[in-house]
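The structure under discussion appears below in the form of structure tokens.
What you see is a predicted model, and the numbers here were worked out from it, not measured in a lab. In what follows, chains are A, B, ... by sequence order, proteins preceding strands, each numbered from 1. Heavy atoms only: backbone and side chains are in, while hydrogens, waters and symmetry mates are out.
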Number of protein chains: 2
Amino acid sequence: MTAGVGARRSVRVSREQSISSEESVSGASFREIRPDRSITEQVREAVRSAIIDGDLAPGALHSVQRLADAFGVSRTPVREALIDLARTGMVRFERNRGVRILQTSIHGLEEILALRLLLEVPAARRAAQLATPPVDRALERELMAMATAATAGDEPLTMRHDRLFHRAVNEASGNQRLADYVDSLRDLVVTSGVSTAGRSRSLEAIVAEHEAILAALRARDPAAAGAAMKAHLVSTALLLLEQEGGRAADAPLVWAELVEG
Amino acid sequence: MTAGVGARRSVRVSREQSISSEESVSGASFREIRPDRSITEQVREAVRSAIIDGDLAPGALHSVQRLADAFGVSRTPVREALIDLARTGMVRFERNRGVRILQTSIHGLEEILALRLLLEVPAARRAAQLATPPVDRALERELMAMATAATAGDEPLTMRHDRLFHRAVNEASGNQRLADYVDSLRDLVVTSGVSTAGRSRSLEAIVAEHEAILAALRARDPAAAGAAMKAHLVSTALLLLEQEGGRAADAPLVWAELVEG
DNA sequence: CAGCGGCCTGTAGCATGTTACATGTGATTA
DNA sequence: TAATCACATGTAACATGCTACAGGCCGCTG
């Protein structure tokens, strides 16, 4: 126990006892029952959520010890969780200094958006070939929840359902690994700071783009599904890059030309 | 820059193995000098190589303690290295039982090959747009080394240069993250057990396919580069699936139709 | 006043101790 | 013989101890 107990708690990750208590994540079905998730897993998800939600600011330097104290566990599971996150690029260990919360650079953002284009557009086409009524219904549910959240101006909730919608589409393609990887890519993009200007309008525009995707999937029209997904991702890319870098870099557009002829 | 800091233990694998032996290291420098890599990193690379080369058999169950003893280090860096490998899917922790070396299933293989198609074909097209003479020369070097190894019947060495060739192409696309991910996907596919029957012939066929890719890149012909890469990956997919599953699953072919129109 | 150099604190990295549990084994019993 | 169960063994998961080092602080020196 190092001194400085009174150090201000810059990490207000969650309630003190949240680790040992059950998380009641609202909404979607659990893919697997994990009654006794390991502490490491719980810490990993907590830190991941904290970064995504902006509770852990990009660029900030933390220590395993302080994070462990905040969670009420020892250093080991925290370190192991961070190793996991470091591999995906969300954090970086700096020897004898701490753990840096990483901010995806403009170039990194371009790379990520290009990867999403390359993967999700074909996945949407494939999903249109494989979709079944249950898949339709699941997508409809997510889209409705997204629309409700968007009209309410609840941006985090909208983004959460946006994520679940994309995951459902990607899983419907039959390639689970693709879905997982795309999901991990999304962790690297900070979405919490979306510009306040014209926020509700862009949120509703996003919902409209998803409606187009769903319509194409329901019609079992691969070409339309791919086109709709491509349009959506390009739109998203432009929005993010404009917001992040002032001037939009056009790298993702170049990649967009490479996908789907 | 005091070099010998304290006791720097050497990581030694039980099987004497010249993983990173310096054949043909000439010219191509390492991307980064790491004079004092951490023990965890060294163990991770050693285990990764051991799995790829088949020294750690798929399906086998090991313990962190025994691996640590074999490497002459404590359990901690071994465990941390394995956590890293577990995230990529090479191993899996089984509570109170050990660490399982995973064998990629047929379905998993299909997923991986589909991902490679979706990523590497556009990457080849993009690389054809961006390639420069130095890139040409690097690819030529790898291809020559690959051809030499193939005619000598040295399959592991051939595969090593095959990997470097693909990495060079993918990096030439300008998307480093794409290159890294494809590289990690390759770790999951056991290549060491390629069928002995007609081995040299298929090795030379592979070299020919790479020659086509290189020719298209040198000609700065994106369409041809994409087509050549696609043909090569489809060929590889058929070879691997036939070998692995007896009957070839056609899932990657379905995905192949989705890429590049 | 400015430059400098040693001390002090906090940290990651690594080693080791502790705990709960899954599984095999062999004695015990019907 | 066959089924059962207490126990020994080995393990991951977690907690804690230890060490070298990076970087700031502060007094010292010119």
Side-chain angles (χ1 to χ4, degrees), chain A residues 1-11 17 19-20 34-47 56 59-87 90-102, chain B residues 1-12 34-47 56 59-87 90-102:
Chain A
M1 305 304 180
T2 56
V5 176
R8 61 191 160 74
R9 213 180 282 279
S10 61
V11 186
Q17 303 297 337
I19 291 301
S20 48
R34 308 278 301 203
D36 57 40
R37 290 162 61 199
S38 68
I39 296 177
T40 297
E41 277 180 79
Q42 297 176 57
V43 171
R44 171 157 47 78
E45 289 312 305
V47 173
L56 290 176
L61 200 56
H62 300 271
S63 81
V64 172
Q65 179 69 68
R66 270 189 297 124
L67 289 174
D69 292 343
F71 285 120
V73 300
S74 77
R75 307 183 313 242
T76 303
V78 175
R79 176 170 170 84
E80 293 181 353
L82 290 172
I83 287 173
D84 219 41
L85 297 177
R87 183 155 229 303
M90 297 184 73
V91 303
R92 181 183 60 205
F93 279 92
E94 299 186 5
R95 189 180 180 114
N96 299 331
R97 294 199 20 101
V99 179
R100 178 87 58 188
I101 310 299
L102 292 181
Chain B
M1 295 307 187
T2 57
V5 176
R8 178 61 60 185
R9 288 193 174 92
S10 65
V11 176
R12 55 185 186 280
R34 307 281 302 201
D36 59 27
R37 291 161 61 200
S38 68
I39 295 177
T40 297
E41 277 181 78
Q42 297 176 56
V43 171
R44 170 157 46 80
E45 288 312 304
V47 173
L56 290 177
L61 201 56
H62 300 271
S63 81
V64 172
Q65 180 69 69
R66 272 189 293 123
L67 289 173
D69 292 344
F71 285 120
V73 300
S74 78
R75 308 188 308 260
T76 303
V78 175
R79 176 170 170 83
E80 292 181 353
L82 290 172
I83 288 172
D84 218 40
L85 296 176
R87 186 157 224 305
M90 297 184 73
V91 303
R92 181 183 59 205
F93 280 90
E94 298 185 6
R95 188 181 181 113
N96 299 331
R97 291 193 30 94
V99 178
R100 178 86 60 186
I101 310 298
L102 292 181

Please report the shortest heavy-atom distance between B/Q65 and B/R75, naming the atom on each side. OE1-CD, 3.3 Å
Rounded to whole angstroms, how far apart are CD1 on B/I83 and P on D/dA13? 8 Å
Report yes if a donor N or O on one partner sits less than 3.5 Å from an acceptor N or O on the other, where the partners are the side chain of A/T76 and the base of D/dA15; otherwise report no. yes
Show each protein N/O and nucleotides 22-25 of chain C N/O combination with a separation under 3.5 Å, one pair to a line.
none

Heavy-atom closest pair, residues A/H62 and A/I101: CD2-CG1, 3.8 Å
Specify the separation, in whole Å, of atom CD of B/E80 and atom C1' of C/dA15. 11 Å
In whole angstrom, give the distance that lies between atom CZ of A/R79 and atom P of D/dC14. 15 Å
At 4.0 Å (heavy atoms only), tell me whether B/E94 reaches a base, stays on the sugar-phosphate, or touches nothing. sugar-phosphate
Against the side chain of A/V64, the closest entry in D/dC14, C/dA12, C/dA15 is C/dA12
N/O (side chain, A/R66) to phosphate O (OP1/OP2, C/dG10) under 4.0 Å: no
Report the C-alpha distance between A/V47 and A/F71 in whole Å, list the side-chain angles of each, state the deciding distance to 0.1 Å, and finish with yes or no for side-chain contact (heavy atoms from CB on, under 4.5 Å). CA-CA 10 Å; A/V47 173; A/F71 285 120; 3.8 Å; yes
Establish whether the base of C/dG17 is bridged to the side chain of B/R75 by a donor-acceptor pair shorter than 3.5 Å. yes
Provide, to the nearest angstrom, the distance between the CG atom belonging to B/D69 and the C1' atom belonging to D/dG10. 13 Å
Over how many whole Å does the gap from A/L82 atom CG to C/dT11 atom P extend? 13 Å
To check you understand the geometry: which heavy-atom pair defines the closest contact between A/S74 and A/A68, and what is its length? O-CB, 3.5 Å
Looking at residues at least two apart in the chain, or sitting in another chain, which of them share a salt bridge (Lys or Arg N to Asp or Glu O under 4.0 Å) with B/R87? A/D84
Pairs of donor and acceptor atoms involving the side chains of residues 76-83 of chain B, under 3.5 Å and at least two apart or interchain, shall be tabulated with distances.
unit_1: B/R79; atom_1: NE; unit_2: A/E80; atom_2: OE2; d: 2.6
unit_1: B/R79; atom_1: NH2; unit_2: A/E80; atom_2: OE1; d: 3.1
unit_1: B/E80; atom_1: OE1; unit_2: A/R79; atom_2: NH2; d: 3.1
unit_1: B/E80; atom_1: OE1; unit_2: B/T40; atom_2: OG1; d: 3.4
unit_1: B/E80; atom_1: OE2; unit_2: A/R79; atom_2: NE; d: 2.6

Nearest heavy atom decides the nucleotide; on that basis, is B/S74 or A/V99 closer to the 5' end of DNA chain C? A/V99
Could you give the CZ-to-C1' distance, from A/F71 to D/dA15, as a whole number of Å? 17 Å
How close or far is atom P of D/dA20 from atom CD1 of B/I39, stated in whole angstroms? 13 Å
Atom pair distance, as rounded to whole Å: CD in A/Q65 and P in D/dA15: 12 Å
Report the residues that fulfil side-chain contact (heavy atoms from CB on, under 4.5 Å) with A/R100, sequence neighbours left out, ordered by chain and then residue number. A/L61, A/R92, A/E94, A/R97, A/L102
